[in-house]
Asker: 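Structure incoming, see below.
As the structure lists them, so they are numbered: ligands from 1, and atoms in each ligand from 1.
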Amino acid sequence: MKPRHFLTLDSLTHDELLSIISRALELKEQFKNKSYEPTLANKVLGMIFEKSSTRTRVSFEAGMAQLGGHAIYLAPTGTQIGRGEPIQDTARVLSRMVDCVMLRTFEHERIETFAEYSDVPVINGLSDSFHPCQLLADMLTYMELRGSIEGKKVVWLGDGNNMCHSYMNAARIFDFQLSIACPEGFDPDAEILASTKGHVVIEREPETAAKSADLVVTDVWASMGQEDEQAQRIEKFAKYQVNTDLMECANDDALFMHCLPAHRGEEVSEAILEGPQSVVWEEAGNRLHSQKALLEFLLL
Ligand code: CP
Ligand code: NVA
């Protein structure tokens, strides 16, 4: 039988995602009390990082240790992956040694290919197109602090990137309205836009997009792999910064989220990132709990 994978939020149903979020809350309580259950004893997670990471690496590695399992960090340097061994071969080899693989890479197709050749569950730890693990943590954070997100308004500011695409999927699955404020030329993928019609609108004016929002979200203007476009993007994205004026357009009790790392003074002002509406540290911490629940879902 083919294993379940987590390549995008659409890999799981609405109810499965909610059950992961609910289990994450239990695991968070256990973490606070330092009373861990070794539910993944003897299980091994292989983690392939073809891009940098702090949160994703540490949350998966710490999560596996806390559940009684083990995680192996694999980077292009020092492995045959970086010397051109085909991903199809790596998938078949790792499937014979580990219980689950997390992959962070560039083209999303690379994760799809890996999953096709893998006999064990594959988790997308970020691709150029999606970042579903971050959405598990973001949804957990919202629900923990504000209850159901159904029918709420979320505004995405900045680039129509991997995080934006995962927010679009989340809008359809969790039934919230998403306004995307991005400069022309930086729209999200047209196919994903078509598939989320009815839940997602594109607004060029950030203030209009943010009006009455319950959740304000942004991300870096130049993602990993786009470093040489940084200067040009700073100019084009300037008016999409989340700052005090922009936050005032949202509801008074709106939350601010950012997957991090953040560039203060670019996509978000220091005052907002460190201000009372920002829940970015809780959001980052929730990566640990939501991914532990995801690992249990895929492995047990
Ligand atoms: N948000 C996130 O995925 O962070 P890292 O790049 O540090 O893993
Ligand atoms: N959009 C960002 C997210 C980082 C977690 C990137 O891909 O670099």
Asker: In terms of residue, atom name and distance, what is the protein heavy atom nearest to atom 2 (C) of ligand 1?
Answerer: Arg287 NH1, 3.3 Å

Asker: Based purely on interatomic distance, does Pro261 place a nitrogen or oxygen under 3.5 Å from a nitrogen or oxygen of ligand 1?
Answerer: no

Asker: Roughly how far apart are Gln66 CD and His289 NE2, rounded to 0.5 Å?
Answerer: 8.0 Å

Asker: Which ligand 1 atoms are under 4.0 Å away from a heavy-atom of Cys259?
Answerer: 1 (N)

Asker: Looking at Tyr73, I'd like to know if the NZ or CZ of Arg57 sits under 6.0 Å from its six-membered ring centre while staying within 45 degrees of the ring's axis.
Answerer: yes

Asker: Indicate whether any N or O donor in one side chain lies under 3.5 Å from an N or O acceptor in the other, for Gln291 and Ser59.
Answerer: yes

Asker: Indicate yes or no: does Asp128 engage Lys51 in a salt bridge with an N to O separation below 4.0 Å.
Answerer: yes

Asker: Atom 4 (O) of ligand 1: which protein heavy atom is closest, and how many Å away?
Answerer: Arg55 NE, 2.8 Å

Asker: Sort and list the pairs that fulfil salt bridge (Lys or Arg N to Asp or Glu O under 4.0 Å) and have at least one residue in residues 157-170, not counting sequence neighbours.
Answerer: Asp159-Arg233

Asker: Check ligand 2 against the protein and report each N/O to N/O distance under 3.5 Å, formatted as atom name, atom name, distance.
Answerer:
unit_1: ligand 2; atom_1: 1 (N); unit_2: Asn161; atom_2: ND2; d: 3.4
unit_1: ligand 2; atom_1: 1 (N); unit_2: Asn162; atom_2: OD1; d: 2.9
unit_1: ligand 2; atom_1: 1 (N); unit_2: Asp219; atom_2: OD2; d: 2.6
unit_1: ligand 2; atom_1: 1 (N); unit_2: Ser223; atom_2: OG; d: 2.7
unit_1: ligand 2; atom_1: 7 (O); unit_2: Asn162; atom_2: ND2; d: 2.8
unit_1: ligand 2; atom_1: 7 (O); unit_2: Ser223; atom_2: OG; d: 3.4
unit_1: ligand 2; atom_1: 8 (O); unit_2: Met224; atom_2: N; d: 2.8

Asker: Can a non-hydrogen atom of Leu260 be found less than 4.0 Å from any atom of ligand 1?
Answerer: yes

Asker: For Lys239 and Glu205, run salt bridge (charged side-chain N to carboxylate O under 4.0 Å, His left out): C-alpha distance rounded to whole Å, both residues' side-chain angles, the deciding distance at 0.1 Å, then the answer.
Answerer: CA-CA 9 Å; Lys239 79 170 185 180; Glu205 288 310 313; 3.1 Å; yes

Asker: Can you name the atoms of ligand 1, numbered from 1 with element, that are less than 4.0 Å from a heavy atom of Gln134?
Answerer: 1 (N), 2 (C)

Asker: Which residue owns the protein heavy atom closest to atom 6 (O) of ligand 1, what's the atom, and how far is it?
Answerer: Arg104 NH1, 2.8 Å

Asker: As an exercise, state the distance from CD1 of Ile87 to CD of Glu107, rounded to the nearest 0.5 Å.
Answerer: 10.5 Å

Asker: Are the ring centres of Phe297 and Phe6 closer than 6.0 Å?
Answerer: no

Asker: Please confirm whether Phe176 and His199 have ring centers closer than 6.0 angstrom.
Answerer: no

Asker: Are Lys34 and Phe31 in a cation-pi contact, defined as NZ or CZ under 6.0 Å from the six-membered ring centre and within 45° of the axis?
Answerer: yes

Asker: Give the atoms of ligand 1, by number and element, whose distance to some non-hydrogen atom of Thr54 is under 4.0 Å.
Answerer: 5 (P), 7 (O), 8 (O)

